[in-house]
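Below is one structure, written out as structure tokens; the observations come after it.
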Amino acid sequence: MKNYIPTLALAVIIAASCSSPKGNSPYEAQIKKQIDRMTLEEKAGQMVQITIDAALDPSTGELNQSALDEMIGKYKVGSFLNVVGGVCPSAEWMSGIVTALQEKSMAELGIPTVYGLDMIHGATYLDQGTFFPQEVNLAATFNPEHAANMGRILAYETRSMQVPWVFSPVMDLGRNPLWPRQYESWGEDPYVQTVMAEAETRAIQGADYNNVGLENAAVSIKHYMAYGVPATGKDRTPAYIPDYELRERYFRPFKACIEAGALTLMVNSSSINGVPVHSSHKLLTEWTKEELNWDGMIVTDWADIDNLFQRDHIAADRKEALVLGINAGIDMIMDPYRAETAQDICDLVREGRIPMSRIDDAVARVLRLKYRLGLFDSPTWEFDYSKVNCPEFVAQATAAAVESEVLLKNDGILPLKENARILVTGPNANSIRTLNGGWSYTWQGTDNPAYVERFNTIYEALSARFSNVKYVPGITYKEYGDWQEEDASGIGQAVAAAAGCDVIVACVGENTYCETPGNINDLSMSANQRNLVKALAATGKPVVLILNEGRPRVINDIEPLASAVVDIMLPGNYGADALAALLSGDENFSGKLPFTYPKWVNSLHTYDYKVTEHREVMDGAYNYDAVMDVQWSFGDGLSYTTFAYSNLSVTPEEFTAGDEITVSVDVTNSGDVKGKESVLVYSSDLVASIIPDVRRLRAFTKVELAPGETKTVTLKIPARELAFAGDDGKWHLEEGEFRISAGGLGEIINCTATSDWK
């Protein structure tokens with residue numbers, strides 16, 4: 001039995017004993033010697049990162065030597081990123097590109113370049129990469145082993161490309177479901193995010209962040225921070241969050257990953273409380289580098305220094321924007337097409353607007369990363385990467401998909417009968433693209449048949465498992481262009497085909513998108529798709545509704561028409577195989593929602609809402625179980641079996657901040673099918689000086705039980721975890737009663753002394 005607590009080593013997942021990088025690397029003498037002999041131009045170049053497209057001949061796709069002479073020879077650029085034309089390459093091709101860059105950089109500078117790639121749910125910019133489900137799916141497993149497996153595999157496969165740095169994990173709390181990057185997050189809960197992201201961080205980097213091995217890579221935890229809660233729901237738009245909430249919900253997961261050894265951090269592209277994060281000295285320097293004594297590196301997101309003057313209007317021009325960003329704590333500037341930024345930095349130092357001490361600190365952080373990656377000794381490397389997309393990796397990705405798909409409703413229609421005549425319909429029924437979502441082979445997730453022909457769509461996976469399956473799409477997506485455009489001319493054909501079936505599997509949801517192109521104005525599922533479901537339900541045939549979407553689209557008018565509902569979200573290349581196994585009963589559902597599924601477009605909530613938000617229960621009743629008028633709650637998820645909780649015990653009954661709380665509960669499989677249950681333990685602060693959350697997740701684990709089997713689950717919670725952040729900048733654990741709950745059971749314990757700390 002394992003208890004997943006933030007910042008504690010996850011020994012069951014990966015053998016690691018990391019602590020936060022704190023200026024004690026074994027490379028400090030080399031770094032100082034290197035900096036002492038560098039010119040200002042060489043230092044400035046190390047602080048600039050360029051997209052590889054800018055270094056290629058557009059007619060041949062090969063490296064342009066004159067461009068490299070300018071970028072590396074003249075401007076001393078120290079880092080590159082991205083894939084050519086936004087399309088994933090082979091490992092061999094990418095290795096050749098990186099090798100050529102390293103040869104040029106070592107010849108010109110004697111300093112290796114560092115190459116980075118977005119690898120979001122596996123090695124998703126590698127043509128043969130192993131794709132896991134998106135992070136929101138992995139959160140639904142409530143099983144950090146899947147996050148660790150993904151991290152280990154994506155690091156190994158990325159290294160096969162001669163790339164040692166990944167912009168992952170994504171750590172943006174998805175607390176506004178309109179946000180188009182919701183699927184990249186670990187859901188709405190900071191504790192789940194902490195556990196999962198820390199597990200992935202340790203797995204990607206390995207056991208020793210000072211010596212990252214050839215099967216591991218450096219992480220860039222992103223996007224620091226509160227990127228996922230824009231007030232408008234639109235990508236890269238402002239958030240408004242009090243500092244105490246920033247501390248409690250958004251900063252703590254980043255802090256945990258830094259303490260787990262995270263070597264780099266990428267910045268939120270937008271603003272918090274009117275201050276662009278790229279210009280916030282408080283957030284970039286004080287909270288991370290100073291408070292945590294962290295010696296890692298901070299990199300901007302795409303062209304975000306330019307946004308300080310072009311979009312945000314807090315700087316008059318590029319030079320002023322550079323001053324603001326670098327002096328705030330930026331170490332590397334992702335200025336994708338403009339190597340001349342290095343010259344701007346030199347000019348600003350000579351003008352006295354950026355102190356040399358800040359330049360030397362930034363360059364030391366860049367060089368420290370390169371030393372930790374072993375690039376000075378081996379700018380390129382030879383290693384046997386024959387396991388790329390091997391059966392072991394595929395099995396782990398498939399297992400993650402199985403545990404990530406969530407059964408939300410079932411009137412008994414599932415599992416499907418072996419001899420059932422099945423109609424598979426809907427725009428997501430015969431698409432690999434929609435199983436993966438964005439950041440899959442391409443930025444927007446558009447399919448290339450050469451990459452995906454070996455994988456099964458939902459229709460193909462069901463056809464392989466059942467003997468009588470028919471496919472009529474009813475609605476199709478536009479293949480290229482606007483991802484929201486649909487052709488609904490086939491609804492009548494789908495309705496006609498229903499006459500010859502026993503059950504309808506309607507696969508609806510979203511086409512693929514990523515970032516700003518995914519902005520929407522209405523969270524409702526498209527009218528076309530809802531009309532398809534209504535027309536199918538009118539035939540009288542039972543409908544199994546499959547939701548294949550990157551964010552929870554509102555379906556309150558069609559949910560009552562369905563006999564069963566499964567939210568598969570974005571389960572990856574093996575998600576359809578997982579679904580077929582689940583619908584047939586070969587596997588059992590165990591996923592639980594890591595977010596609140598809204599019922600109404602103008603009533604968006606999270607499970608940890610303030611007690612004053614739900615007026616219907618304020619007449620003396622404390623709504624411990626966080627039931628609001630939502631479609632489904634955080635933590636919801638059914639199984640083909642049932643689980644009963646009993647004998648909840650919480651000790652000690654009285655505690656103070658230094659104690660550890662032990663929670664024990666018996667979980668019994670009360671059905672007749674083997675199953676896995678995620679045991680979620682919550683706390684409720686009954687009275688607090690700041691309006692308390694109705695409940696907060698504090699610990700979880702997952703157990704597998706045979707029919708009739710009972711296991712005692714024991715979880716431990718440091719009492720300090722029950723504290724809240726106040727608007728005075730301190731943490732407070734206040735005297736009074738707390739309710740600890742699991743599986744519908746609850747016990748009251750008492751904090752006997754108030755404690756405050758910074």
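Computation of the quantities below employed the complete heavy-atom set of this structure, encompassing side-chain atoms and omitting hydrogens, waters and symmetry-equivalent molecules.
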**Message:** With side chain to side chain donor-acceptor pair (under 3.5 Å) as the criterion, how do Glu286 and His281 come out once you've worked through the C-alpha distance, each side chain's angles and the decisive distance to 0.1 Å?
**Reply:** CA-CA 7 Å; Glu286 295 172 26; His281 186 272; 3.1 Å; yes

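- Heavy atoms of other residues, nucleotides or ligands lying less than 6.0 angstrom from NZ of Lys610 number more than 12.
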**Asked** After noting the C-alpha distance and the side-chain angles of Tyr240 and Ile272, does the key distance pass the side chain to side chain contact (heavy atoms under 4.5 Å, CB included) rule?
**Response** CA-CA 6 Å; Tyr240 303 95; Ile272 302 173; over 6 Å; no

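- Using a 3.5 Å distance cut-off with no hydrogens or angles, the side chains of Gln182 and Ser185 do not pair a donor with an acceptor.
- Under 3.5 Å, the side chains of Ser168 and Glu200 contain a donor-acceptor pair of N or O atoms.
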**Request:** Evaluate the salt bridge (charged side-chain N to carboxylate O under 4.0 Å, His left out) criterion for residues Lys255 and Glu259: first the C-alpha distance (whole Å), next the side-chain angles of each, then the deciding distance (0.1 Å), finally the verdict.
**Result:** CA-CA 6 Å; Lys255 175 178 179 290; Glu259 292 175 341; 2.9 Å; yes

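- Side-chain atoms of Gln205 come within 3.5 Å of backbone atoms of Val219 as a donor-acceptor pair (strictly under, hydrogens ignored).
- In this structure, a donor-acceptor pair under 3.5 Å is present between the side chains of Asn588 and Ser639.
- Nearest heavy atoms, Thr288 versus Leu283: CG2-O, 3.7 Å.
- Using modelled atom types, one finds a donor on one side chain and an acceptor on the other under 3.5 Å when comparing Ser670 with Thr642.
- Closest heavy-atom contact between Val275 and Ser279: CG1-OG, 3.9 Å.
- Judged by distance alone, with hydrogens and angles left aside, the side-chain atoms of Arg365 form no donor-acceptor pair with the main-chain N or O of Ile298 at under 3.5 Å.
- A salt bridge does not link Glu145 to Lys702: none of the charged nitrogens lies less than 4.0 Å from a carboxylate oxygen.
- A distance below 6.0 Å separates the ring centres of His732 and Phe724.
- The backbone N or O of Ile204 sits less than 3.5 Å from a side-chain atom of Asn216, completing a donor-acceptor pair.
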**Message:** Using the rule given for side chain to side chain donor-acceptor pair (under 3.5 Å), can you reason through Tyr645 versus Glu677, listing the C-alpha separation, both sets of side-chain angles and the distance that settles it, and then say yes or no?
**Reply:** CA-CA 11 Å; Tyr645 287 69; Glu677 170 71 345; 2.7 Å; yes

**Message:** Walk me through whether Glu245 and Arg249 qualify under salt bridge (charged side-chain N to carboxylate O under 4.0 Å, His left out).
**Reply:** CA-CA 6 Å; Glu245 188 170 350; Arg249 285 190 168 88; 3.7 Å; yes

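- At least one cation-pi condition fails for Arg247 and Tyr244: the charged atom is not both under 6.0 angstrom from the six-membered ring centre and inside a 45 degree cone around its axis.
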**Request:** Output, in order, the C-alpha distance, side-chain angles, deciding distance and verdict of side chain to side chain contact (heavy atoms under 4.5 Å, CB included) for Val667 and Val665.
**Result:** CA-CA 6 Å; Val667 183; Val665 66; 4.3 Å; yes

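- Of the listed residues (Leu178, Asn556, Val630, Val554), just one forms a side chain to side chain contact (heavy atoms under 4.5 Å, CB included) with Pro598, and that residue is Val554.
- In this structure, Glu653 places its CD atom where only 12 or fewer heavy-atom neighbours from other residues, nucleotides or ligands lie under 6.0 Å away.
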